[in-house]
Amino acid sequence: MTARSANTALENITRGLKRTTIPRLPPAPGFEGDQEFLEQVKLWKAWISWEKDDPLVLRSEDIASYQQRILHVYKHALMALWFWPEMWVDAAEWCFENKIVKDGIDIGLSFLVEGAAANPESVLIALKHADHIELTKRAGEDEEAKAALAEAVRAPYDKVLDTLYEMIKKLKEKEASAIAKINEDTTMETVANESAGGDEDDDEGEIKETSTSTISKQDRIKAVHDGFAVQIQMLSQQISHLWIALARAFRRFQGQGKSSPPTGLRGIFTEARSKGRLTSEVYIAIAHIEWDVYQDVVATKIFERGSRLFPDSEQFFVEYLKHLHARRDFTSKFRAPKL
């Protein structure tokens, strides 16, 4: 492909692309600007893909220029997509695959560190960073070396977990503030209604008005509570999957471990339970590891405890039944979920 035809092809691919150094937060799915933002992401990815396809035939003749062009596009894309974790991870993966190092600095790792700073709540970046540390950091055979590797891998998890727990704390504070505002407004409305009523003896009218106000207040509080509950549940699911991934990692380093002092699989499970905000998936995952890997009867105890914590989770009780079947245990007392 000639330089002129390549330039024409690139112009066609990037038509409509907004090259900016001022990033903006991605709109929530379904809200105004959502599709426009995704279209920009698509255009940036198309440009990167075009460079990787090497239409200028640089890879075989000038590998340094080929890599520099791709790195250049990634850096420009991240100026606009600063708050799009997927792009940070894509850039890092490409650097790892091509062993991009500049002045002794691993550029892929730099992308992950900078991406985590820009998106501290990103589970994707944290998992990729932890995975990279585990793959590249040499582990010794002694327990001290294994513990050091475990702590190194754990660092990205801790940062994102702290962020997610703090986000839940702020949501709970906002929920309490919103409910307090509703209570305050309702009180003021009641006082205003009583003042407007004067000394007129209209008991029936007052009772009717008060009842309507009470129902309205309850509905508003429920709406606020339900709205925040959805957001908190989404964060709880992310937290739970992070704890599961961390537990699996620690099992690889330290095995089954123990609860006190916390090490290995059991240490992480104990810590996760103390931090809270777990979903039933955590109990299912840990119980399966205890049984599938170690054939330890503690798995049944974990399922029993989970049955008390998640009595309405159909998925949990299906897994509980599968576990009992795997043990060929047909005599255990099993508390079925409410239908």
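All residue numbers in this chain count up from 1 along the given sequence.
The minimum heavy-atom distance between Glu304 and Ser307, with the atom names listed, is O-OG, 2.5 Å. For Ile302 against Ala287, the heavy-atom pair with the smallest separation is CG2-CB, 3.9 Å. In this structure, Phe111 and Cys95 approach most closely via the heavy-atom pair CE1-SG, 3.6 Å. Of all the heavy atoms in Gly255 and Tyr294, the pair that sits closest is C-OH, 3.4 Å. The minimum heavy-atom distance between Trp50 and Pro55, with the atom names listed, is O-CD, 3.1 Å. Between Leu78 and Ala91 the shortest heavy-atom distance is CD1-CB, 4.4 Å.
The number of heavy-atom neighbours closer than 6.0 Å to CD1 of Ile22, taken from other residues, nucleotides and ligands shown, is 12 or below. Within a 6.0 Å sphere centred on CD of Glu173, heavy atoms belonging to other residues, nucleotides or ligands number more than 12. Taking a 6.0 Å sphere around CD of Glu144, one finds it holds 12 or fewer heavy atoms contributed by other residues, nucleotides or ligands. The 12-atom threshold is exceeded at NZ of Lys52, counting heavy atoms of other residues, nucleotides or ligands nearer than 6.0 Å.
Through direct or relayed side-chain contacts under 4.5 Å between Ile, Leu, Val, Met, Phe, Trp and Tyr, Val298 connects to no other residue.
Checked options Ile268, Thr263, Leu265; the residue passing with Gln254 is Thr263 (criterion: side-chain contact (heavy atoms from CB on, under 4.5 Å)).
Taking Glu121 as the reference, Asn119, Thr163, Leu164, Met167 meet the side-chain contact (heavy atoms from CB on, under 4.5 Å) condition, with sequence neighbours excluded. Residues forming a side-chain contact (heavy atoms from CB on, under 4.5 Å) with Ala245 (at least two apart in sequence, or on another chain): Leu127, Tyr157. The salt bridge (Lys or Arg N to Asp or Glu O under 4.0 Å) check on Glu39 picks up nothing, with sequence neighbours excluded. Residues that satisfy the side-chain contact (heavy atoms from CB on, under 4.5 Å) test with Asp106, not counting sequence neighbours, are Phe96, Leu109, His132.
Atoms OG1 and CD, on Thr8 and Glu11 in that order, are 6.0 Å from each other to the nearest 0.5 Å. Summarising the geometry, atom CD1 belonging to Ile284 is positioned 8.5 Å from atom CD1 belonging to Ile244; distances are rounded to the nearest 0.5 Å. To the nearest 0.5 Å, atoms CH2 (Trp84) and CG (Leu25) are separated by 12.0 Å. To the nearest 0.5 Å, the span separating CG on Leu43 from CD1 on Ile13 amounts to 10.0 Å. Asp296 CG to Asp292 CG: the interatomic distance, rounded to the nearest 0.5 Å, is 12.0 Å. Within the model, atoms NZ of Lys45 and CD1 of Ile48 stand 8.5 Å from one another, a figure rounded to the nearest 0.5 Å.
A single hydrophobic cluster is not seen to contain both Leu321 and Val297; linkage of ILVMFWY side chains at heavy-atom distances under 4.5 Å, directly or through other members, places them apart. Val113 and Val101 fall into different hydrophobic clusters, where Ile, Leu, Val, Met, Phe, Trp and Tyr are joined by side-chain heavy atoms under 4.5 Å apart, directly or via other members. Trp291 and Phe303 are members of different hydrophobic clusters when ILVMFWY side chains are connected at heavy-atom separations under 4.5 Å.
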Table please: side-chain donor-acceptor pairs of residues 175-183 below 3.5 Å, with sequence neighbours left out.
residue : atom : partner : partner atom : Å
Glu175  : OE1  : Lys172  : NZ           : 3.4
Glu175  : OE2  : His225  : ND1          : 2.7
Lys181  : NZ   : Asp185  : OD1          : 3.0
Lys181  : NZ   : Asp185  : OD2          : 3.0
Asn183  : OD1  : Lys217  : NZ           : 3.1
Asn183  : ND2  : Ile179  : O            : 3.3

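At least one side-chain heavy atom of Glu36 sits under 4.5 Å from a side-chain heavy atom of Lys18. Residues Leu309 and Ser280 form no side-chain contact, since every pair of their non-hydrogen atoms from C-beta on lies 4.5 Å or further apart. Taking the side chain as every heavy atom from C-beta outward, Pro156 and Ile133 approach each other to under 4.5 Å. A 4.5 Å side-chain heavy-atom check between Gln256 and Arg251 finds every atom pair outside the cut-off. Contact annotation: the side chain of Phe250 approaches that of Glu151 to within less than 4.5 Å [non-hydrogen atoms, C-beta and beyond]. With contacts defined as side-chain heavy-atom distances shorter than 4.5 Å, the pair Asp90/Tyr74 qualifies. Residues Arg273 and Leu278 have side chains in contact (heavy-atom distance under 4.5 Å, counting atoms from C-beta outward). At a threshold of 4.5 Å between non-hydrogen side-chain atoms, the residues Phe83 and Arg24 do not count as touching.
Taking the ring centroids of Phe310 and Tyr283, they lie under the 6.0 Å cut-off. Taking the six-membered ring for Trp, Phe269 and Trp243 have ring centres at least 6.0 Å apart.
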Stepwise salt bridge (Lys or Arg N to Asp or Glu O under 4.0 Å) check, Lys222 with Asp226: CA-CA 6 Å; Lys222 185 178 184 303; Asp226 291 347; 2.7 Å; yes

Criterion side chain to side chain contact (heavy atoms under 4.5 Å, CB included) on Glu93 and Lys128, from CA distance to verdict: CA-CA 9 Å; Glu93 286 182 336; Lys128 185 61 183 179; 3.4 Å; yes

Side chain to side chain contact (heavy atoms under 4.5 Å, CB included) evaluation trace for Lys301 with Glu290: CA-CA 10 Å; Lys301 295 181 179 179; Glu290 289 281 7; over 6 Å; no

Residues Leu56, Tyr66; criterion side chain to side chain contact (heavy atoms under 4.5 Å, CB included); working and verdict: CA-CA 9 Å; Leu56 298 176; Tyr66 167 73; over 6 Å; no

Verdict with reasoning, Glu281 to Thr279, per side-chain hydrogen bond (donor to acceptor under 3.5 Å, both in side chains): CA-CA 5 Å; Glu281 284 85 356; Thr279 63; 2.5 Å; yes

Stepwise side chain to side chain contact (heavy atoms under 4.5 Å, CB included) check, Arg248 with Ile289: CA-CA 8 Å; Arg248 287 172 174 163; Ile289 294 174; 3.8 Å; yes

Trace of the side-chain hydrogen bond (donor to acceptor under 3.5 Å, both in side chains) decision for Asn7 with Arg4: CA-CA 5 Å; Asn7 184 61; Arg4 178 177 294 180; over 6 Å; no

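Remark: side-chain polar atoms of Asp62 are not paired, donor with acceptor, to backbone N or O of Leu58 under 3.5 angstrom. Judged by distance alone, with hydrogens and angles left aside, the side-chain atoms of Tyr165 form a donor-acceptor pair with the main-chain N or O of Gly276 at under 3.5 Å. Looking at Asp54, its side chain does come within 3.5 Å of a backbone N or O of Arg59 through a donor-acceptor pair. Not one N or O on the side chain of Gln67 forms a donor-acceptor pair closer than 3.5 Å with the backbone of Ile100. Looking at Ser274, its side chain does come within 3.5 Å of a backbone N or O of Glu271 through a donor-acceptor pair. Remark: side-chain polar atoms of Thr14 are paired, donor with acceptor, to backbone N or O of Leu10 under 3.5 angstrom.
Between Trp47 and Trp44, the ring-plane angle classifies as parallel under the 30° and 60° cut-offs.
Using a 3.5 Å distance cut-off with no hydrogens or angles, the side chains of Glu51 and His72 do not pair a donor with an acceptor.
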